[in-house]
Amino acid sequence: GIPTLEALAYPLAGQRSLICPVLNARKNEVYAAVYDNDGLELHCLAGPMAVRPGKLVEILLSLGGPVLFVGDGAAVYGPDLKSGLGELARFAPLAANFPRGAAVAEMGLRAFGAGRGCDPAILRPEYVRVSEAEAAWLKRNSAGG
């Protein structure tokens, strides 16, 4: 499987900055990860995580250097990110804010070639936080039981 955040970052490898895909997670949070790259390969430095934009800024400041944001969360929380990072914050073109099928296919082919392939029937989504429905169910069932 190819993680969505990594699929957003992959086409931007080669940039001379950290790459931070951010998706709007609602509730004043973003799903994010932070990648460094050597021009070809991405290296995850932080995440994936569900965090408030201010906390993401703290994490990015601790890593240092310019940051290239991509994803629909960059459009929503761009002013907060820019305010916290100043000139270190850069933003990919809006057209890059959604994962590209070609990038996912290339990443899958590379993973398969490196022996990281698996049977598609066993793939399962990985969630960073529980959904509202799950949280409500857990609250209801742990309170009464």
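Below, each value reflects all heavy atoms present in this structure, side chains not excepted, and no hydrogens, waters or symmetry copies. The first residue in the sequence is number 1, and the count goes up from there. Bear in mind the structure is a predicted one, so any value in this text is a computation, not a measurement.
Both I2 and L42 are members of a single hydrophobic cluster when ILVMFWY side chains are connected at heavy-atom separations under 4.5 Å. Under the 4.5 Å side-chain heavy-atom criterion for grouping Ile, Leu, Val, Met, Phe, Trp and Tyr, V22 is connected to I59 within one hydrophobic cluster. When hydrophobic clusters are built by joining Ile, Leu, Val, Met, Phe, Trp and Tyr residues whose side-chain heavy atoms come closer than 4.5 Å, directly or via intermediates, L68 is grouped together with Y31.
A pairwise comparison of heavy atoms in L8 and P21 identifies CB-CB, 3.8 Å as the closest pair.
The closest side-chain heavy-atom distance from F69 to L85 is below 4.5 Å. Looking only at side-chain heavy atoms (C-beta outward), C20 and L56 come within less than 4.5 Å of each other.
The salt bridge (charged side-chain N to carboxylate O under 4.0 Å, His left out) test applied to E58 returns K55, not counting sequence neighbours. Taking R110 as the reference, E41 meet the salt bridge (charged side-chain N to carboxylate O under 4.0 Å, His left out) condition, with sequence neighbours excluded.
In this structure, R90 contributes its side chain and L88 its backbone to no donor-acceptor pair below 3.5 Å. R124 contributes a side-chain N or O that, together with a main-chain N or O of A121, makes up a donor-acceptor pair within less than 3.5 Å. Although no hydrogens or angles enter the test, the distance criterion places a donor-acceptor pair under 3.5 Å between the side chain of D72 and the main chain of N24.
Applying the 6.0 Å contact sphere to CG of L61 captures more than 12 heavy atoms from other residues, nucleotides or ligands.
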